[in-house]
**Student:** 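For reference, the structure I am asking about is given below.
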Amino acid sequence: MLVFGVISPHPPLIIPEIGGKDIERVNRTVAALEAAAERLAAAEPDRLLIISPHEGHGFEVPLYYLGKQLPPNLEMEKILVTEPSYGHYYEWGKRYGEACDQSNLCTAIIASADLSHVLKPEGPYGYHSAGPLFDKLVIKAIKEKDVGQLLRLDAGFLESAAECGLRSILFLMGAFEGREYEAEVLSYEGPFGVGYLVATFMPSKAKEQIKDV
């Protein structure tokens with residue numbers, strides 16, 4: 001069964017040894033990841049899937065925080081995003097969630113995802129008005145548990161928003177499609193011109209069991 005899901009950003013600078021003093025500017029993201037790690041551990045998964053648009057840091061950065069309280073021998077699977085189609089990952093996520101229903105293993109999913117990279121003129125790709133709007137739309141769709149809002153976004157708009165994590169998010173939302181679950185945004189910030197979102201997905205029964213975590 002599917003017991004937990006989390007959206008995690010993956011900038012290396014949120015790791016203290018790399019970010020140095022810059023980590024002070026993303027303290028909300030770090031605090032949210034630590035809270036998400038508590039929830040993930042409380043869900044007691046037997047298997048962890050992480051889906052990322054990048055090799056290396058796309059897998060390693062989320063696990064730096066989210067993997068701290070997990071058993072070292074936990075079964076782990078990794079999916080690297082390679083298909084350009086957004087709908088492909090949503091449908092794949094749906095199939096994955098259905099497969100979890102047929103398994104005796106408790107599965108958690110980490111969607112490794114940065115949002116727009118064009119939030120500020122001093123950011124890595126400058127500024128485009130599509131950037132802040134894209135991030136708002138993603139957060140809205142997650143809170144409302146309405147993946148259709150994201151699947152209907154225009155390809156040109158998505159390109160202008162310079163996002164890298166939507167496919168991972170669509171996979172996660174697809175996996176939870178049709179289930180009773182609580183989606184909670186723990187933090188969002190973009191001090192360096194890139195949107196960092198931390199959000200958890202918990203089946204309603206699991207939410208009741210670990211609400212005090």
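Remember, it's a predicted structure, so these values are computed and weren't measured experimentally.
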**Student:** Closest heavy-atom contact between Val198 and Ala36?
**Tutor:** CG1-CB, 4.3 Å
**Student:** Flag yes if more than 12 heavy atoms outside Glu17 fall under 6.0 Å of its CD atom; otherwise flag no.
**Tutor:** yes
**Student:** If two hydrophobic side chains count as joined below 4.5 Å and joins carry through other members, does Leu150 share a cluster with Leu133?
**Tutor:** yes
**Student:** Side chain of Asp46, backbone of Cys106: donor and acceptor closer than 3.5 Å?
**Tutor:** yes
**Student:** Would a distance-only check, ignoring hydrogens and angles, find a side-chain to backbone donor-acceptor pair under 3.5 Å from Arg28 to Ser187?
**Tutor:** no
**Student:** In Å and rounded to the nearest 0.5 Å, what is the CG to CD1 distance from Leu40 to Ile110?
**Tutor:**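 So the gap between those two atoms works out to 6.0 Å.
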**Student:** Is the backbone of Glu83 close enough, under 3.5 Å, to the side chain of Arg167 for a donor and an acceptor to pair up by distance?
**Tutor:**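 Confirmed, Arg167 side chain pairs with Glu83 backbone.
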**Student:** Which heavy atom of Leu119 sits nearest a heavy atom of Gly131, and at what distance?
**Tutor:**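 Shortest heavy-atom contact: CD2-C, 3.5 Å.
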**Student:** I want to check something: taking the side chain as every heavy atom from C-beta on, are Leu48 and Glu75 in contact at a cut-off of under 4.5 Å?
**Tutor:** no
**Student:** Answer yes or no: are there more than 12 heavy-atom neighbours, outside Asn104 itself, under 6.0 Å from its atom CG?
**Tutor:**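 Check fails, neighbour count at 12 or below.
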**Student:** Would a 4.5 Å heavy-atom cut-off, applied to side chains only, mark Leu33 and Thr29 as touching?
**Tutor:**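 When only atoms from C-beta onward are counted, Thr29 and Leu33 do touch, with a gap below 4.5 Å.
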**Student:** Are the side chain of His117 and the backbone of Ala162 linked by a donor-acceptor contact shorter than 3.5 Å?
**Tutor:**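 At least one qualifying donor-acceptor pair exists.
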**Student:** Set out, in order, the CA-CA distance, both residues' side-chain angles and the distance that settles side chain to side chain contact (heavy atoms under 4.5 Å, CB included) for Leu115 and Val194, then state yes or no.
**Tutor:** CA-CA 6 Å; Leu115 299 188; Val194 179; over 6 Å; no
**Student:** Are side-chain heavy atoms of Val185 and Lys143 found at a separation under 4.5 Å?
**Tutor:** yes
**Student:** Taking atom CG of Asp101 and atom CG of Leu2, what is their separation to the nearest 0.5 Å?
**Tutor:** 7.5 Å
**Student:** For Lys145, does the NZ atom have more than 12 heavy-atom neighbours from other residues, nucleotides or ligands under 6.0 Å away?
**Tutor:** yes
**Student:** Working to the nearest 0.5 angstrom, can you tell me the gap between Glu180 CD and Met202 CE?
**Tutor:**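 The distance works out to 14.5 Å.
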**Student:** Kindly say whether the aromatic ring centers of Tyr96 and Phe171 come within a distance under 6.0 Å.
**Tutor:**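 Judged by ring-centre distance (under 6.0 Å), Tyr96 and Phe171 do meet the cut-off.
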**Student:** Crowded around Tyr125 OH? As in, over 12 foreign heavy atoms under 6.0 Å?
**Tutor:**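 No.
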**Student:** May I have the step-by-step check of side chain to side chain contact (heavy atoms under 4.5 Å, CB included) for Asp135 and Val138, ending in yes or no?
**Tutor:** CA-CA 5 Å; Asp135 287 9; Val138 169; 5.6 Å; no
**Student:** Can you pull the side chain to side chain donor-acceptor pair (under 3.5 Å) pairs that have at least one residue in residues 149-165, sequence neighbours excluded?
**Tutor:**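 Sorted result for residues 149-165: Tyr86-Glu163, Lys140-Gln149, Glu144-Gln149, Asp146-Gln149.
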**Student:** Mark yes or no for whether Ser168, through its side chain, and Ser112, through its backbone, hold a donor-acceptor pair below 3.5 Å.
**Tutor:** yes
**Student:** Side chains of Phe192 and Asp22: does their closest heavy-atom pair fall under 4.5 Å?
**Tutor:** yes
**Student:** Quick check: do Leu49 and Lys78 have side-chain heavy atoms less than 4.5 Å from each other?
**Tutor:** no
**Student:** Using the side chain to side chain contact (heavy atoms under 4.5 Å, CB included) rule, take Val61 and Ile14 through it: C-alpha gap first, then chi angles, then the decisive distance, then the call.
**Tutor:** CA-CA 8 Å; Val61 173; Ile14 66 174; 3.6 Å; yes
**Student:** Run the numbers on Tyr89 and Leu166 for side chain to side chain contact (heavy atoms under 4.5 Å, CB included), then give the verdict.
**Tutor:** CA-CA 9 Å; Tyr89 288 97; Leu166 183 55; over 6 Å; no
**Student:** Please report the shortest heavy-atom distance between Pro62 and Phe59, naming the atom on each side.
**Tutor:** CD-O, 3.5 Å
**Student:** Consider only side-chain heavy atoms of I, L, V, M, F, W and Y, link residues closer than 4.5 Å, and tell whether Ile18 and Tyr64 are in one cluster.
**Tutor:**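 Linked within one cluster.
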**Student:** Any heavy-atom pair between the side chains of Glu189 and Val26 that's under 4.5 Å?
**Tutor:**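 Side-chain contact under 4.5 Å: yes.
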**Student:** Return the CE to OG1 distance between Met1 and Thr107, rounded to the nearest 0.5 Å.
**Tutor:** 9.5 Å
**Student:** Should the pair His57 and His10 be assigned to parallel (<30°), tilted (30 to 60°) or perpendicular (>60°) ring geometry?
**Tutor:**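 The rings of His57 and His10 stand perpendicular, inter-plane angle above 60°.
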**Student:** Which of these passes side chain to side chain contact (heavy atoms under 4.5 Å, CB included) with Tyr90: Val147, Ile169, Leu172?
**Tutor:**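 So the option named by the test is Val147.
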**Student:** Cluster question for you: counting only ILVMFWY and a side-chain heavy-atom cut-off of under 4.5 Å, with indirect links fine, are Leu197 and Leu153 together?
**Tutor:** yes
**Student:** Shortest non-hydrogen contact from Ala161 to Ser116?
**Tutor:** O-OG, 2.7 Å
**Student:** Do Asp114 and Tyr196 have side-chain N/O donor and acceptor atoms under 3.5 Å apart?
**Tutor:** no
**Student:** Do you know which two heavy atoms are closest between Ala35 and Leu186, and how far apart they sit?
**Tutor:**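 Nearest pair, atom of Ala35 first, then Leu186: CB-CD1, 4.4 Å.
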**Student:** Find the distance between NE2 (His88) and CG (Leu170) and round it off to the nearest 0.5 Å.
**Tutor:** 11.5 Å
**Student:** Has the side chain of Arg179 got a donor or acceptor atom that lies under 3.5 Å from a matching backbone atom of Gly97?
**Tutor:** yes
**Student:** Report the distance from atom CD1 of Ile15 to atom OH of Tyr65, rounding to the nearest 0.5 Å.
**Tutor:** 7.0 Å
**Student:** Do you reckon Leu63 sits in the same ILVMFWY cluster as Val3, going by side-chain contacts under 4.5 Å, direct or chained?
**Tutor:**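 Per the 4.5 Å side-chain linkage, Leu63 and Val3 are co-clustered.
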**Student:** Would the distance check show the side chain of Lys120 and the main-chain N or O of Pro191 forming a donor-acceptor pair, the cut-off being under 3.5 Å?
**Tutor:**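 Pair found, side chain donor or acceptor close to backbone of Pro191.
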**Student:** Tell me, do Ile142 and Phe201 make a side-chain contact under 4.5 Å, heavy atoms counted?
**Tutor:** yes
**Student:** State plainly whether one hydrophobic cluster holds both Trp92 and Ile50, where clusters connect Ile, Leu, Val, Met, Phe, Trp and Tyr through side-chain heavy atoms under 4.5 angstrom apart.
**Tutor:** no
**Student:** On a heavy-atom basis, which atom in Pro132 and which in Tyr127 lie closest, and how many Å separate them?
**Tutor:** CG-CE1, 3.9 Å
**Student:** A quick test of your reading: do over 12 heavy atoms of other residues, nucleotides or ligands sit less than 6.0 Å from NZ of Lys68?
**Tutor:** yes
**Student:** Would a distance-only check, ignoring hydrogens and angles, find a side-chain to backbone donor-acceptor pair under 3.5 Å from Arg39 to Thr200?
**Tutor:**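 No: the side chain of Arg39 does not pair with the backbone of Thr200.
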